[in-house]
Amino acid sequence: MHCTFIYSSTGFLYKQYASTLCKHIRKSIYTVSLIRQRSFLEGIPEYRATRFLGLPVRVSCTNTAHSLKASNHTNETQSKESNTQKVPLKRGEELELRIQSLVSGGDGISRIGRYVVMVPHSVPGQLVKVVVGRVRSSYANAKVTQVVEHSPYEVEPLCKHFGQFGCGGCKFQHISYEKQLEQKYQQVLWHFESLLTRLNHTVENVMKPIVGSPIIFGYRNKMEFSFGTRRWIPGDHLSESERVSLVIEENKLRRQEAVFETNEGNFVLGLKPSGHFDKVLPIEYCHIQETIANDIMKLVQKRTSEMHTTAYDVYSHQGFLRNLVIRTAHNEQNETEVMVNFVTSFGEDSNRLKPLALELGRQFPCIRSIVQNFTTSKGGASKGEEEQVLYGCNYIQHYILGRTLRFTANCFFQTNPMQTEKLYQLVREAAHLKMEDVLLDLFCGIGSIGLCLAADCKYVYGIDVVEEAIQMAKVNAEINGVGNAEFILANLEKSSLQDPEVQRLFHRNGILSPNVVIVDPPRGGLHPTLIKWLRWLKPKRIVYVSCNPATQ
Ligand SMILES: C[S@@+](CC[C@H](N)C(=O)[O-])C[C@H]1O[C@@H](n2cnc3c(N)ncnc32)[C@H](O)[C@@H]1O
């Protein structure tokens, strides 16, 4: 039996279909075409499942981004075609390639016919010598060994931690910002082009120019650092004798370029290198966050390493300190407000971090909140099950478009505040509200968009799944004197229509049904139930804010 199976590895979106499917067809081995996995969402397909939901799965995943683009082919035909496509290279082979463009994850890509070669840390326009790594039926990974011809879009990265074997946080620092913007525009265009053509629209009339950020460093208001027991050191930062004393990683591709220490009791605070959830690169200065956040990070690095405490080990699940999250905001008086969040395991004395919190508070007067979030999670989530305030209060406030927005540690807030202001202004323009309109702000977080637009319409409903965010949205309505907004806790992934609270609101006498909808979902996009519900609701306008054009 062959089943075509649509799945997004970013998570939940299609998992429930997969699960239903698997229940029906238990006890057999199936060939599964994964036509829509995470990397495909980023432009290129990838697959890795050999077992899914406990079932043995024989995977045949061969659709390239290109083959999916050919709209006159069915998925099945594409699958057969790409199954027979000849792989034009071998692992270990050396090639010369011209880098053509970027995928959203940041890798450069080059094509051999329809076959895609993904080359991390390359720049469009470069001619590079590469050695081929992992080979799949539709694409391969390769590593640059030499740049034969430079590209005019190359720039010197500002950060010493940036690099193929360095920090996994930034992907584009070696490419000019103009080129980055052009590539991001192209990625969105790529996803919409065939749809626009089918609907007889000219791309130029529909796609507006991309809106760049006025600053590309020091813009980010939230950084999440990790404590760890395995220190990652890019190999080019080491002397030969240091190399010898360290354990060399097994992966052949990385053998020469990076090493890591696994000494007992090792204690590191920094960021994870790309593809290594278990290792931590100590960070001296992170250029994308504000200077104040770097100063705080440095002091925490110093003090925690002197404290004789332990860092969480992702394998043994032992250890106390897990993450340090630093968030900044700018209030109505344009003063900086900082929140420091220590994510820890339960177990150690709950007063353990108090002296450090006091010292931080004394040394950095702009710190308004220091909290500790306790978690038992074995995953990488930095959200706590319990929270205690170590210093000040549990929130900070950001001022935007005439509103003060208050948020706590586990609430979402957009990470580039300057761009957020522009984004919300664009949303306002697109929503084109009239005073008689009723606005539905789905995935509202702390109520940011709805509250910024509340003065333009009759009423606002906001819905989000995070209880803390909904509480904050209600507080934000109150502190801004917004009387025409209501915020509801509901899961928009499952049963927005069936939720009694949502039912109650939309069928209450005297309140009009929402006729303008804003959706701002996470990367997975809108759940099919929600799409169905929106079709039933028939609003006159939907404004879709997306962080992932593929799911949009
Ligand atoms: C990209 S944020 C947008 C937040 C807000 N619109 C803003 O601009 O700050 C996505 C929001 O979706 C919420 N969310 C994620 N999954 C959800 C679900 N299944 N149902 C409802 N809300 C969800 C998150 O809590 C988060 O606040």
Side-chain angles (χ1 to χ4, degrees), residues 158-159 161 167 169-170 213-227 269-271 283-304 323-343 353 356-373 382-384 387 389-424 445-448 451-452 468-469 472 475-476 479-480 547:
L158 180 63
C159 182
H161 302 298
C167 172
C170 294
S213 176
I215 52 169
I216 58 169
F217 292 104
Y219 65 87
R220 204 179 152 90
N221 60 14
K222 180 182 180 188
M223 281 302 293
E224 187 174 314
F225 299 97
S226 299
F227 291 95
L269 171 60
L271 291 167
I283 297 288
E284 280 173 29
Y285 191 95
C286 173
H287 287 274
I288 59 173
Q289 67 175 358
E290 292 182 43
T291 305
I292 180 74
N294 279 297
D295 294 344
I296 293 169
M297 178 198 67
K298 288 292 318 164
L299 186 60
V300 174
Q301 253 172 352
K302 187 163 186 320
R303 291 288 180 263
T304 50
N323 298 100
L324 168 74
V325 187
I326 305 177
R327 299 179 84 167
T328 52
H330 298 277
N331 64 21
E332 192 171 356
Q333 289 71 43
N334 204 20
E335 296 157 343
T336 305
E337 295 193 7
V338 180
M339 172 187 282
V340 179
N341 176 14
F342 290 96
V343 183
L353 292 170
L356 173 57
L358 277 180
E359 184 185 351
L360 285 168
R362 269 201 302 269
Q363 185 141 342
F364 301 102
C366 54
I367 294 186
R368 183 168 188 163
S369 162
I370 305 184
V371 293
Q372 180 175 1
N373 270 266
S382 62
K383 189 174 175 305
E387 180 176 285
V389 176
L390 297 171
Y391 175 86
C393 57
N394 71 338
Y395 64 84
I396 52 171
Q397 305 188 126
H398 188 76
Y399 186 73
I400 186 167
L401 297 176
R403 301 286 188 216
T404 289
L405 298 174
R406 191 176 281 186
F407 54 91
T408 50
N410 295 318
C411 296
F412 175 90
F413 191 68
Q414 302 283 353
T415 50
N416 181 337
M418 286 188 179
Q419 291 299 84
T420 304
E421 196 156 324
K422 292 186 197 162
L423 171 70
Y424 289 178
I446 56 168
S448 327
L451 291 172
C452 287
E468 217 170 302
M472 277 296 119
V475 170
N476 285 330
I479 61 177
N480 287 286
C547 49

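Keep in mind the model is a prediction, meaning the values are calculated, not measured.
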Can you sort out the partners of [X] under salt bridge (Lys or Arg N to Asp or Glu O under 4.0 Å), two or more places apart, ordered by chain and number?
{"X": "Lys298", "value": "none"}
{"X": "Glu335", "value": "none"}
{"X": "Glu337", "value": "Arg368"}

Nearest 0.5 Å, what's the [atom1]-[atom2] distance between [X] and [Y]?
{"X": "Thr328", "Y": "Lys222", "atom1": "OG1", "atom2": "NZ", "answer": "11.5 Å"}
{"X": "Ile326", "Y": "Phe364", "atom1": "CD1", "atom2": "CZ", "answer": "9.0 Å"}
{"X": "Gln333", "Y": "Thr404", "atom1": "CD", "atom2": "OG1", "answer": "8.0 Å"}

*asked:* Just by distance, no angles: are the side chains of Thr291 and Tyr285 close enough, under 3.5 Å, to form a donor-acceptor pair?
replied: yes

*Which pairs, with at least one residue in residues 284-297 and sequence neighbours excluded, count as a salt bridge (Lys or Arg N to Asp or Glu O under 4.0 Å)?*
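Pairs touching residues 284-297 that pass the test: Lys160-Glu284.
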
*Enumerate the residue pairs fulfilling salt bridge (Lys or Arg N to Asp or Glu O under 4.0 Å) with a member in residues 392-412, sequence neighbours excluded, ordered by first and then second residue.*
none

*Specify whether His330 and His398 have parallel, tilted or perpendicular ring planes, treating 30° as the upper limit for parallel and 60° as the lower limit for perpendicular.*
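Ring orientation, 0 to 90° scale: perpendicular.
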
*Under the side chain to side chain donor-acceptor pair (under 3.5 Å) test, which residues partner Thr420, sequence neighbours left out?*
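Scan of Thr420 (side chain to side chain donor-acceptor pair (under 3.5 Å), adjacent residues dropped) gives none.
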
*Could you check Asn341, Val325, Asn323 and say which one makes a side chain to side chain contact (heavy atoms under 4.5 Å, CB included) with Asn373?*
Asn341

_Residue pair Lys422 / Tyr424, side-chain heavy-atom distance below 4.5 Å_ = no

*For the side chain of Asn331 and the backbone of Tyr399, is there at least one donor-acceptor N/O pair under 3.5 Å apart?*
no

*Is there a donor-acceptor pair under 3.5 Å between the side chain of Ser369 and the backbone N or O of Gly392?*
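Not at all, since once roles are kept as given, no pair shorter than 3.5 Å links the two residues.
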
